[in-house]
Amino acid sequence: MPYVLVSTQIRLASGPTTCGDEWADIEVMKYLGAELIHTFGNTFKEYISQDPPRAVLNKLDKIGYKVIAATGIGQTIVWTVHKDDDEVIPEKGKADR
């Protein structure tokens with residue numbers, strides 16, 4: 001999974017942080033400490049970390065992800081991060097191909 005969207009509401013800059021949808025890489029979500037949550041009224045599930053976005057982005061950086069874009073959408077800020085498939089992940093060897 002080379003792309004991950006990370007987001008939070010601007011007023012919640014200290015967390016929680018949305019880290020992925022229900023099809024996200026489970027190992028990456030475990031590493032981030034994110035839980036799969038189904039919020040009442042939504043038709044989808046999403047991974048949520050209690051860490052602030054800065055901590056989530058720092059963790060992703062450590063495993064080879066780099067921010068390639070950021071934007072504000074209403075009261076939400078979103079970062080798009082990407083990792084090359086051939087990137088070496090510390091303590092795990094080669095990334096999944």
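Residues: numbered from 1 along the sequence shown.
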Drop me the distance from Arg54's CZ to Thr8's OG1, to the nearest 0.5 angstrom. 13.0 Å

Return the minimal non-hydrogen interatomic distance between Ile48 and Pro16, and the atom names on each side. CG2-CB, 3.6 Å

Residues two or more places apart in sequence or in another chain: which of them pass side-chain hydrogen bond (donor to acceptor under 3.5 Å, both in side chains) with Asp61? Lys66

Kindly check if the number of other-residue, nucleotide or ligand heavy atoms within 6.0 Å of CD1 (Ile26) is above 12? no

Nearest atoms (heavy-atom pairs only) where Lys59 meets Asp51: NZ-OD2, 2.8 Å

Separation between CD1 (Ile63) and CG (Asn58), nearest 0.5 Å, reads 12.0 Å

Using atom types as modelled, flag every donor-acceptor pair under 3.5 Å from a side chain in residues 67-78 to any protein atom, sequence neighbours excluded.
none

Nearest heavy-atom approach of Cys19 to Leu32 is CB-CD1, 3.9 Å

The single option from Val6, Leu57, Leu60 passing side chain to side chain contact (heavy atoms under 4.5 Å, CB included) against Tyr65: Leu60

Keeping to residues at least two apart or across chains, list the side chain to side chain donor-acceptor pair (under 3.5 Å) pairs with something in residues 28-47. none

